[in-house]
Amino acid sequence: MNLKESLRVALDSIWANRLRAFLTMLGIVIGVAAVIAVVAIAQGGQAMILGEIEGLGSNLLWVFPQDLNESLHWERMEWMETRDMEALQASSPYIAAVTPENMRTVTLKAGTTSKTTSASGVSHSFADMRNLSISQGRFFTREEEKGSRRVAVVASNVPKDLFDGRNPVGEALYMDGIRFTVTGVLEEDEGGMFADRTANDRIYVPYTALHRLLGEKRLDVVFIQAMTPESMPEVKEVILEVLEKRFGEDRFAVQSLNEVIAVAQSVTGIMTNVVAGIAAVALLVGGIGIMNIMLVSVTERTREIGIRKALGARRRDLLYQFLVEAVVLSGVGGLVGIVVGGGLVSVVARLARLPSLISVQSVVLAFLFAAGVGVLFGVYPASKAAKMDPIDALRYE
């Protein structure tokens with residue numbers, strides 16, 4: 001019996017018991033759909049997480065003081081100052097830009113309206129390094145930073161809350177009673193998984209102006225942008241050497257964006273594999289269903305098997321026939337599962353606003369796994385049919 005004849009017989013048998021065949025395939029359909037949907041949704045979530053992290057800036061490292069603890073016998077916490085930041089910037093030709101960020105809680109006032117929010121003291125390069133977009137006006141300049149000018153860039157909610165929604169560029173804004181001039185307005189931060197709830201209420205001023213007003217010199221955190229992703233390890237090593245020479249060992253920590261991305265990829269990858277493995281259990285359940293229905297089919301068709309053997313059907317012909325039938329059941333279930341899984345991914349992606357990432361690899365893997373399940377769980381029933389004694393089969397009632 002050739003493949004074409006075996007396929008025809010298998011389809012005829014399935015069609016004759018189509019309700020039973022449909023219920024049998026349902027486990028395969030659910031399993032394949034679950035694997036495809038879980039992997040696609042997980043990969044979409046991973047892409048969204050990594051996109052948000054990368055949106056914080058490219059090739060970034062940040063330097064911050066280590067917390068005091070019992071294992072490190074320090075008398076006080078060390079803080080960098082402007083001269084230390086300048087030493088870091090001059091330490092490597094692979095450093096593209098450097099900016100501090102000092103955050104303080106302040107009261108803003110325009111006219112008779114006021115609000116309490118966060119003020120960030122940064123350098124002129126902060127907007128480019130952190131991918132901030134300006135909707136009106138401009139960010140402050142290097143000259144304004146060096147001159148400690150009282151200029152400010154405000155987030156999108158500040159004009160709504162303090163200026164009745166009008167363009168505030170060029171107008172006065174009082175921060176803790178000190179007059180600043182607004183030079184620009186940032187575009188609204190639409191938020192996300194790592195969104196800062198205060199991002200749209202913040203104000204950015206030159207760190208030099210903030211230092212002058214507060215009468216302090218310390219830098220809370222320093223962001224460093226490397227020229228290329230490949231140069232980040234070398235830049236990090238140089239920064240640690242400079243800090244160790246100036247402050248001693250382990251007084252500062254250096255974290256890179258690549259390290260955060262690697263951790264996120266590792267965690268989401270593990271979660272994807274675990275959940276996909278759990279979903280794949282449904283495929284095994286579907287395989288057990290196929291074995292069960294094929295055993296029933298062998299029992300029901302015992303006389304047919306006897307007649308086929310009496311007419312000269314070889315053992316391998318019967319093995320081939322029932323194995324093809326099992327593979328057809330699982331294969332058709334796999335194809336339907338691919339369609340169902342794709343539809344499920346599209347719906348979830350729209351509702352959760354995730355990128356829809358149905359990979360060819362996951363589809364092919366799920367289908368091949370489904371077909372493999374058909375072969376694995378179809379071998380025993382097919383082997384049982386092939387081993388039947390034709391005389392006993394013909395006597396079966």
Student: I'd like to know if the side chain of Asn102 reaches the main chain of Asp220, judged simply by a donor and an acceptor atom lying under 3.5 Å from each other, with no hydrogens or angles considered.
Tutor: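 Here the side-chain-to-backbone pair exists.
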Student: On a heavy-atom basis, which atom in Ala37 and which in Gly341 lie closest, and how many Å separate them?
Tutor: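 Minimum heavy-atom separation between Ala37 and Gly341: CB-O, 4.3 Å.
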Student: Around atom CZ of Phe22, are there more than 12 heavy atoms of other residues, nucleotides or ligands at under 6.0 Å?
Tutor: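 Counting other residues, nucleotides and ligands, CZ of Phe22 stays at 12 neighbours or fewer.
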Student: Quick one: OG on Ser120 to CG on Leu210, what's the gap to the nearest 0.5 Å?
Tutor: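 Separation between the atoms: 9.0 Å.
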Student: Within the 4.5 Å heavy-atom criterion, are Met25 and Val336 side-chain neighbours or not?
Tutor: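 Result no, sub-4.5 Å side-chain heavy-atom pair not found.
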Student: Given side chain to side chain contact (heavy atoms under 4.5 Å, CB included), test Leu243 with Val254 step by step and report yes or no.
Tutor: CA-CA 10 Å; Leu243 292 172; Val254 181; 4.2 Å; yes
Student: In Å, rounded to the nearest 0.5 Å, how long is the span from CG of Asp128 to CD of Gln225?
Tutor: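 Reported value, rounded in 0.5 Å steps: 8.0 Å.
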Student: So do the side chains of Val29 and Val340 get within less than 4.5 Å of each other, counting heavy atoms only?
Tutor: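 Yes, side chains in contact.
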Student: Which residues pass the side-chain contact (heavy atoms from CB on, under 4.5 Å) test with Ser118, sequence neighbours left out?
Tutor: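 Here the qualifying residues are Met103, Arg202.
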Student: Look at Arg104 together with Glu216 and state whether they make a salt bridge at an N to O cut-off of under 4.0 Å.
Tutor: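 Here Arg104 pairs with Glu216 in a salt bridge, since their nearest N and O are under 4.0 Å apart.
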Student: Between the side chain of Ser346 and the main-chain N/O of Gly342, is any donor-acceptor distance below 3.5 Å?
Tutor: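 Checking the backbone N and O of Gly342 against the side chain of Ser346, a donor-acceptor pair under 3.5 Å is found.
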Student: What's the separation between atom CD1 in Ile239 and atom OG in Ser256, rounded to the nearest 0.5 Å?
Tutor: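 Rounded to the nearest 0.5 Å, the CD1-OG separation comes out at 10.0 Å.
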Student: With His124, which residues qualify under ring pair (Phe, Tyr, Trp, His ring centres under 6.0 Å), at least two apart?
Tutor: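 Testing His124 for ring pair (Phe, Tyr, Trp, His ring centres under 6.0 Å), a comparison that skips the adjacent residues, returns none.
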Student: Looking only at heavy atoms, what is the nearest atom pair of Trp79 and Pro65, with distance?
Tutor: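 For Trp79 versus Pro65, the nearest heavy atoms are CZ3-CG, 3.6 Å.
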Student: Closest approach of Leu162 and Lys109, non-hydrogen atoms and distance?
Tutor: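 Heavy atoms of Leu162 and Lys109 come nearest at CD1-N, 4.5 Å.
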Student: Decide yes or no on side chain to side chain contact (heavy atoms under 4.5 Å, CB included) for Thr208 and Lys146, but give the supporting numbers first.
Tutor: CA-CA 7 Å; Thr208 51; Lys146 287 184 176 181; over 6 Å; no
Student: Any side-chain heavy atom of Phe139 within less than 4.5 Å of one from Val122?
Tutor: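 Yes - at least one pair of side-chain heavy atoms lies under 4.5 Å apart.
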Student: Under a 4.0 Å threshold between the charged nitrogen and the carboxylate oxygen, would Asp84 count as salt-bridged to Arg218?
Tutor: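 Salt bridge between Arg218 and Asp84, a charged N being under 4.0 Å from a carboxylate O: no.
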Student: Rounded to the nearest 0.5 Å, what separates atom CD1 in Ile95 from atom CG in Asn59?
Tutor: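 Atom-to-atom, Ile95:CD1 and Asn59:CG are 12.0 Å apart.
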Student: May I ask you to test the Val98-Ser125 pair for a side-chain heavy-atom distance under 4.5 Å?
Tutor: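 Heavy-atom side-chain distance check fails, nothing below 4.5 Å.
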Student: I want to check something: taking the side chain as every heavy atom from C-beta on, are Val151 and Phe140 in contact at a cut-off of under 4.5 Å?
Tutor: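 A side-chain contact under 4.5 Å exists here.
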Student: Any side-chain heavy-atom pair from Val153 and Ile203 closer than 4.5 angstrom?
Tutor: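 When only atoms from C-beta onward are counted, Ile203 and Val153 do not touch, as no gap falls below 4.5 Å.
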Student: Rounded at 0.5 Å granularity, tell me how far CZ in Arg83 sits from CD in Glu86.
Tutor: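 The CD atom of Glu86 is 10.0 Å from CZ of Arg83, to the nearest 0.5 Å.
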Student: Are the side chains of Thr99 and Val222 in touch, meaning some heavy atoms are under 4.5 Å apart?
Tutor: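 Thr99 vs Val222: side chains apart.
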Student: Whether Arg130 engages the ring of Phe223 as a cation-pi pair (distance to the six-membered ring centre under 6.0 angstrom, angle to the ring normal within 45°) should be assessed.
Tutor: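 Arg130 over Phe223 ring: yes.
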Student: Applying side chain to side chain contact (heavy atoms under 4.5 Å, CB included) to Met232 and Leu61, what does each step give before you reach the verdict?
Tutor: CA-CA 8 Å; Met232 291 182 70; Leu61 303 98; 4.1 Å; yes
Student: Show your working on side chain to side chain contact (heavy atoms under 4.5 Å, CB included) between Met85 and Leu219 and close with a plain yes or no.
Tutor: CA-CA 9 Å; Met85 182 180 68; Leu219 305 177; 3.8 Å; yes
Student: Would Phe163 and Val106 show up in the same hydrophobic cluster when neighbours are defined by side-chain heavy atoms closer than 4.5 Å?
Tutor: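 In one cluster with Phe163: Val106, yes.
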Student: CE of Met80 to CZ of Arg251: how many Å apart, nearest 0.5 Å?
Tutor: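 Between atom CE of Met80 and atom CZ of Arg251 there are 12.5 Å.
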Student: What pair of heavy atoms forms the shortest contact from Pro159 to Ala155, and how long is it?
Tutor: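 That closest heavy-atom pairing would be CD-O, 3.2 Å.
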Student: With the 4.5 Å side-chain cut-off for hydrophobic clustering, are Val205 and Leu214 part of the same group?
Tutor: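 Same cluster.
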Student: Using residues 168-187 as the side-chain source, report each donor-acceptor pair under 3.5 Å to any protein atom, sequence neighbours left out, with the distance given to one decimal.
Tutor:
residue : atom : partner : partner atom : Å
Glu171  : OE1  : Arg166  : NH2          : 3.0
Glu171  : OE2  : Arg166  : NE           : 3.0
Asp176  : OD1  : Thr107  : N            : 2.9
Arg179  : NH1  : Thr181  : OG1          : 3.4
Thr183  : OG1  : Arg138  : O            : 3.1
Thr183  : OG1  : Ala152  : O            : 3.4

Student: Give the minimum heavy-atom separation between Gly334 and Val32, together with the two atoms involved.
Tutor: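 Looks like O-CG1, 3.6 Å.
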Student: Is the shortest heavy-atom distance from the side chain of Leu132 to the side chain of Phe126 under 4.5 Å?
Tutor: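 In short, these two side chains touch, coming nearer than 4.5 Å.
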Student: Would you confirm whether the ring centroid of Phe64 sits within less than 6.0 angstrom of the ring centroid of Phe252?
Tutor: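 When the ring centroids of Phe252 and Phe64 are compared, they turn out to be at least 6.0 Å apart.
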Student: Whether the side chain of Glu144 engages the backbone of Thr141 through a donor-acceptor N/O pair (distance < 3.5 Å, no angle test) should be reported.
Tutor: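 Indeed, once roles are kept as given, a pair shorter than 3.5 Å links the two residues.
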